[in-house]
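Please read the structure below before turning to the comments.
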Amino acid sequence: MQPSPHWRPSGRRWLAACVLAALSPGAFAYPTEEMTSVPITTQVMPALQTMQATLAEILSAEQETGTAVVQSSDRTTTAITEAARTQREAENFNRQADRLEKARAAYTVPDSICSESASGTASQVSQATRASASKLAGGSGVSSAAVRETLASLPVSPRQGGYRSAFIHAAYCTAEEAKLYGGTGMCPSVSQLPGGDTEARSLYDGAGPAGKDPELTFTQAQTDAAMAYVNNSAKLDAGRTPGKGEIQTATGQEYQGLLTQYKAMQSAAMQPQLDMVAASQPQDATQAALTEARQAPSAESYFQQTASAQAKQTGTMSEREFEAFEVGRRYANTAWVTDLQAMDGDNLAREMARQQSLANWLALGIKNELRQANIISGQQLALAAKNEYAPQLQALSAQLSAGVSAQ
């Protein structure tokens, strides 16, 4: 194969170029630096500095703002924390106060607890009253010699009994009687207790001038007047007591038997009045109970408003006034209503129990009085039966003794 006539020159040129390039010295690139530039120095650099200062101020403002925000957030967090703590403390305090109040209501003893001590002496007062009634029947506890001797004496004739009553009444002369025969032995002057031996109020409210306040605890003078009334109204003289020689006869024995029956009926007639007078006598057993009860302001105020002069002077009451005091200070006393409103829980339950117990005690007294009334009613029935059947039986008895038979 013959080479192309054009290949050899072209190849030669390419080869020659490569040889020359390999043999020629190496070509190097060197960096250049612009050391100064008027536009950069006078325009760009100041602008960059201004921008840098502005950015620094912005950064500082942002830092201050962030700091303020953080501080405000801290203060808010602190306030919220403090408020929560305060609320928790308040809730704890309220719960503690509630527990203390419940404990106080459940276990604290109020001043009105003294009423329990007062009720504790009711039995002793009642027993002392019953004992006093039996003594009064014989004249014990009466200061007036005339009244005392009349009560203690055996039955006398109606005429002698009338003399005694007239002599006793001289100490209880009224203004009307003084106008008629004042200055005599039967009415020396108007008495300080007018009508004390003839008016029933001597038993209920105590003897004294008309219109005086009722007194449930009697003074000694009022007791004497009340017993004089008992003598005039119930201890009536139907016949004298027989002598030693008279009573040994058959008639004397029959007379003494009838007089004994009369005295039994007379005792029943006197007993309710004796109980009333005895229940009006001051009893030492009430002193300690009253002292304790009066420690309560409500009880003390009621005592000062309603207590009798005898009770205020001696610090003791009769059974009647003591019971009236116990009932009245829980009902007719506005100060006790205030005490009741302050009670709750166990204290209120105890007060209700005390009132129920007091009601039970008073109901027992009513029951006993009904028993006495039933006894007297039975005696009255016996008397009515005697009046009805005694004449018929006596007539038949006379016929039996004569041997007469009914056809």
Side-chain angles (χ1 to χ4, degrees), residues 118-152 168 171-172 191-193 195-208 212-235 267-294 303 306-329 361-362 364-366 368-369 372:
S119 62
T121 62
S123 178
Q124 291 85 338
V125 174
S126 178
Q127 293 175 0
T129 298
R130 299 298 300 168
S132 178
S134 62
K135 294 179 181 179
L136 287 171
S140 178
V142 179
S143 63
S144 172
V147 178
R148 182 175 62 251
E149 292 173 1
T150 300
L151 292 170
I168 292 173
Y172 304 103
S191 172
Q192 294 182 352
L193 305 176
D197 63 333
T198 58
E199 297 184 6
R201 63 187 178 91
S202 296
L203 289 177
Y204 305 133
D205 302 330
K212 78 172 190 66
D213 294 334
E215 295 176 282
L216 302 183
T217 300
F218 292 171
T219 63
Q220 184 60 61
Q222 290 174 327
T223 299
D224 293 349
M227 291 306 299
Y229 178 83
V230 173
N231 179 72
N232 287 333
S233 61
K235 195 176 185 299
S267 174
M270 291 178 60
Q271 192 60 48
Q273 297 188 43
L274 291 173
D275 291 343
M276 178 67 77
V277 178
S280 303
Q281 301 302 299
Q283 300 293 344
D284 293 337
T286 63
Q287 187 171 18
L290 285 175
T291 300
E292 293 183 6
R294 291 172 59 187
F303 177 86
T306 62
S308 64
Q310 183 75 2
K312 291 180 179 179
Q313 180 180 359
T314 63
T316 59
M317 286 182 174
S318 65
E319 181 184 26
R320 291 174 60 202
E321 186 172 14
F322 183 71
E323 290 180 348
F325 174 76
E326 281 294 286
V327 174
R329 73 187 180 101
W361 176 261
L362 296 177
L364 176 62
I366 295 174
N368 293 333
E369 291 184 357
Q372 295 181 12

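Values below: all heavy atoms of this structure, side chains included; hydrogens, waters and symmetry mates excluded. Only a predicted model underlies this, so the values are computations on that prediction, with no experimental measurement involved.
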So how far is it from [X] [atom1] to [Y] [atom2], rounded to the nearest 0.5 Å?
X	Y	atom1	atom2	answer
Gln124	Glu319	CD	CD	11.5 Å
Thr217	Gln313	OG1	CD	12.0 Å
Phe325	Leu290	CZ	CG	6.0 Å
Glu321	Leu216	CD	CG	5.5 Å
Ile366	Leu362	CD1	CG	6.5 Å
Ser143	Arg148	OG	CZ	7.5 Å

Quick check against the 3.5 Å criterion: does [X] have a side-chain atom that pairs as donor or acceptor with the backbone of [Y]?
X	Y	result
Thr316	Asp284	no
Thr129	Ala279	no
Ser140	Leu136	no
Thr286	Met317	yes

TODO: Return the set of residues passing side chain to side chain contact (heavy atoms under 4.5 Å, CB included) with Ala207 (not counting sequence neighbours), or none when no residue passes.
DONE: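 Ala207: side chain to side chain contact (heavy atoms under 4.5 Å, CB included) contacts with Leu193, Ser202, Ala225.
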Task: Those residues that, when tested against Ala137, pass side chain to side chain contact (heavy atoms under 4.5 Å, CB included) (two or more places apart) - done: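 Side chain to side chain contact (heavy atoms under 4.5 Å, CB included) check on Ala137 returns Leu274.
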Task: Residues, nucleotides or ligands: over 12 heavy atoms within 6.0 Å of Gln372 CD - done: yes
TODO: Decide if atom NZ of Lys312 counts as having more than 12 heavy atoms of other residues, nucleotides or ligands within a radius under 6.0 Å.
DONE: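 Above 12, so yes.
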If every non-hydrogen atom of [X] is compared with every non-hydrogen atom of [Y], which pair is closest and at what distance?
X	Y	answer
Met276	Tyr204	CE-CD2, 4.0 Å
Gln273	Ala234	NE2-CB, 3.8 Å
Phe218	Ala226	CE1-CB, 4.2 Å
Thr314	Gln310	OG1-O, 2.8 Å
Val230	Met270	CG1-CE, 4.0 Å
Tyr172	Ala228	CE1-CB, 4.2 Å

Open item on the list: Can you see whether Ser132 engages Gln281 through a side-chain donor-acceptor pair at a distance of less than 3.5 angstrom?
Closed with: no
Task: Option among Gln283, Arg130, Glu323 that satisfies the side chain to side chain contact (heavy atoms under 4.5 Å, CB included) test with Val125 - done: Gln283
TODO: Give me the one residue out of Val142, Asp197, Thr150 that meets side chain to side chain contact (heavy atoms under 4.5 Å, CB included) with Asn231.
DONE: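 Between Asn231 and the candidates, side chain to side chain contact (heavy atoms under 4.5 Å, CB included) is satisfied uniquely by Thr150.
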TODO: Only counting residues at least two apart or in another chain, list the ones meeting side-chain hydrogen bond (donor to acceptor under 3.5 Å, both in side chains) with Ser126.
DONE: none
